[in-house]
Amino acid sequence: MSEPTESTDPVKLSRFTYRQLQGLRHGSTATPLRVIAHIDLDAFYAQCEMVRLGTPRETPLAVRQWDSLIAVNYAARPFGITRFINIAEARRLCPDLVLQHVATFREGEGGRWAYRDDSYKKINTDKVCLDPYRAQSRKILQTIKEALATWNDDDNGDNTQTPKQEVTVGLEKASIDEVFIDLSPLVYKALLQRYPELRAGTQDENRDAELPIPPTTALQWDRDCLIDLDKIETEEDDPDWDDVGMLIGSEIVRWVRKAVWEKLSYTCSAGLARNKMIAKLGSACNKPNLQTVVRNRAVQDFLGGYKFTQIRMLGGKLGDHITAAFGTEKVSELLNVSLEQLRTRLDEHTASWLYGIIRGDDRSEVNPRTQIKSMLSAKSFRPSISSIDQAEKWLRIFAADIYGRLVEEGVLENRRRPRVITLHHRGSQSRSRQIPIPGSNVINEDLLYDLANTLLRQVVADGQTWPCSNLSLSVSSFEDGVSNNKAIEGFLVRGDQAKALTRSSRPRDTDTAQGGHLPNDKRRKLDSDGARIDQFFANPVHSEDTETGEQGTSQQPEMDAEPNGIPRFTCLRCSKSMPEYEKEEHDDWHFAKDLAIQDREEAKVSQPTPPTKSSTRGATARGRGGRGGGGRSKTEKGQMRLAFQ
DNA sequence: TCCCACACA
DNA sequence: GGTGTGTGGGA
């Protein structure tokens, strides 16, 4: 499956095939029709404070941390305020600047954080608290999910049976203020609703046939910022399905941004493109509060204008190394370097990854991740501290901080708990120590403190402890609690039956089990449960790839009828029973599923994964071995899907 | 498993 | 720069 070729048919056809269209449906990362969005909150911490304080948007505001700025809103930027100037400089540049210090914990006040007028003076007894921003981040994520679930909701087209958006959308929380969304399944659905001509011709023998050309000759891009087409392209050319898909994606993102603004008063910027790398570059192009579309026909010129050090993963040492090796930072110049030449200075893996990435080829998955994997509480000391006593005071605060966040995460209800606690120490050298958190104990603040203290003694015993310039405590290796495992097992009873079902028709009760009438707080927790169940499904044992192996079990192909007389059909491959009118769509789903698996296999061959640190010569050490250890095998990349109702 | 380096916001 | 997150390698 190489680049789509121009048709020589006298009847004008699309550059794209039915196979590529179907690829949209279940996460093929190879299809050129894929639509990925990157959404980025504008000056996030500053907006949080503006919302909290009710500050008008035109008022310049910056978030302060000790004597530095950590966020500057857009109203303050014309004054020359940046994150790299100090408070005095900021006041000089903009006397009316609202300077809000971050919330802090304070020595002797336990886990209670607060916004305090004097925290900037208390760098020696206060510790920064980012909880308010985490809380806002969660609300925004929830709003985004809800908006995605309701987009196009009342537009059922010809299918009156699906009142809700039962489409699975991959949503990756990339940081506290950024998400990636794989809009492909939603776009697919909308394409079929709006262009009935796409519904035909999905039979197996036709899948490499070209699609018909879209019926429109000019797309209405509304208020989107469009990246200019490559020089060899022209706007006079009729749009193809990739352009139409982007336009639909753009509608969805506008809907999502509108919801975030109307419900929570946050503005965000977004990028839309064929993959994560380009979408991310795109979202930064027009800030604040705008969305940018990078069409496939615009990618080459768009990327050519960048330094490759601005591309994800190339911002650090690897980027520096490449710059030194080839004497340029420009993508446009690196394009002239052949793969063979890249290989002379980079290991095989990195070379082929780089070769693809600067040509816009990024097949990385939108990896549905909402669960926290670790929690860290840290403090830098200026000046350094030099005694156990001082260190212990900070351990108290760290323990209180982390405990509070664990409660949010559900330790009290035994939903999740960390298994490991780690103390990092930076003095003349940098060192860290970790120990297991005993599973027998109930986790509370004192337990965390005692464990931290044990670690501190170990670090001190190692010597060279003082002076210490940085200390941090973290918990990690979260495991699901007993009560939650029950929930999973309960689900799996149904899940086993449902395993091979289309994800667009999951059993009702698994959806409604997450309830719609709970307070926000509870509801969020339950949502995480849903995500975890899906991660369980992502376990190789239950993965798509093994699914097709089940065809041999219990098949009774037949049409039967329900009491109400609507004829029913039972699928040969997965035993699902459904109304007969859903048969075609269901067959189509299996077809798409097979294609997705096939695509993934192809992608594994053709798309190098991102480079790793010391990819010394053919290492690839971990290749196959990981399965045996520790029960929790790593989920296959890209098989996790977050379904939300 | 433990510890470290790296990348990013 | 400070405070968090996440990933992966090597011993």
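If you're wondering where the values come from, they're calculated on a predicted model, not measured in any experiment.
A close approach under 4.0 Å does not occur between any side-chain nitrogen or oxygen of A/Ser175 and OP1 or OP2 of B/dC8. Listed pair A/Arg405 / C/dT5 meets the phosphate criterion, a side-chain N or O lying under 4.0 Å from OP1 or OP2. OP1 or OP2 of B/dA9 has at least one side-chain nitrogen or oxygen of A/Lys280 nearer than 4.0 Å. Contact annotation: A/Arg431 does not reach the phosphate of B/dC3 (side-chain N/O to OP1 or OP2, under 4.0 Å). A close approach under 4.0 Å does occur between a side-chain nitrogen or oxygen of A/Ser380 and OP1 or OP2 of C/dT3. Close to B/dC6, at under 4.0 Å from its OP1 or OP2, lies a side-chain N or O of A/Lys317. The phosphate of C/dG6 has OP1 or OP2 within less than 4.0 Å of a side-chain N or O from A/Ser374. Within the structure, a side-chain polar atom (N or O) of A/Lys373 is placed less than 4.0 Å from OP1 or OP2 of C/dT7.
If you measure from atom CD1 of A/Ile357 to atom C1' of B/dA7, you get 15 Å, rounded to the nearest angstrom. In this entry the distance linking CG of A/Asp401 with P of C/dT3 reads 11 Å, nearest Å. Going from atom CD of A/Glu178 over to atom C1' of C/dG4 covers 14 Å, rounded to whole Å. Taking atom CG of A/Asn367 as the reference point, atom P of B/dC8 lies 17 Å away to the nearest angstrom. Here the C1' atom of nucleotide C/dT7 and the CD atom of A/Glu172 are 12 Å apart, to the nearest Å. Nucleotide B/dT1 holds its C1' atom 17 Å from the CD1 atom of A/Ile421, rounded to whole Å. Put simply, NE2 on A/His321 is 17 Å from C1' on B/dA7, counting in whole angstrom units. The NE2-P distance, from A/His425 to B/dC3, rounds to 14 Å in whole Å.
Here the side chain of A/Arg77 pairs a donor or acceptor atom with the backbone of A/Val72 at under 3.5 angstrom. No donor-acceptor pair under 3.5 Å is formed between the side chain of A/Thr125 and the backbone N or O of A/Glu107. When atom types are taken as modelled, the side chain of A/Gln47 and the backbone of A/Asp42 share a donor-acceptor pair closer than 3.5 angstrom.
Nearest to the side-chain atoms of A/Phe84 among the listed nucleotides C/dT3, C/dG1, B/dC3 stands C/dG1. Listed nucleotides: C/dT5, B/dC3, B/dA9. Nearest to the side chain of A/Asp177: B/dA9. The side chain of A/Ala378 approaches C/dT3 more closely than any other nucleotide in the set B/dC3, C/dT3, C/dG2. With distances taken from any side-chain atom of A/Arg369 to the nucleotides C/dT3, C/dG6, B/dC3, the minimum falls on C/dG6. Checking B/dA7, C/dG2, C/dT5 against the side-chain heavy atoms of A/Leu318 singles out B/dA7 as nearest.
Among the heavy atoms of the strands lying under 4.0 Å from A/Ile70 is at least one base atom, whether or not backbone atoms are also near. Within the 4.0 angstrom heavy-atom criterion, no nucleotide atom of any strand lies near A/Thr422.
In this structure, A/His38 and A/Phe180 have tilted ring planes: the angle between them lies in the 30° to 60° band. Ring pair A/Tyr133/A/Phe44 is perpendicular by interplanar angle, where above 60° counts as perpendicular and below 30° as parallel.
Counting only Watson-Crick and G-U wobble pairs whose two key distances fall under 3.5 Å, DNA chain C forms stems of three or more stacked pairs at B:1-9 with C:3-11.
Remark: A/Arg91 engages A/Arg64, A/Ile87, A/Leu99 in a side-chain contact (heavy atoms from CB on, under 4.5 Å) (not counting sequence neighbours). By the side chain to side chain donor-acceptor pair (under 3.5 Å) test, A/Asn286 pairs with A/Thr292, sequence neighbours left out.
Taking the nucleotide of DNA chain C with the nearest heavy atom to each of A/Arg134 and A/Tyr45, the more 5' of the two is matched to A/Tyr45.
Using a 4.0 Å cut-off between a side-chain N of Lys or Arg and a carboxylate O of Asp or Glu, A/Lys276 and A/Glu172 qualify as a salt bridge.
The only option from A/Asn470, A/Asn124, A/Ile123 that meets the side-chain contact (heavy atoms from CB on, under 4.5 Å) definition with A/Arg382 turns out to be A/Ile123.
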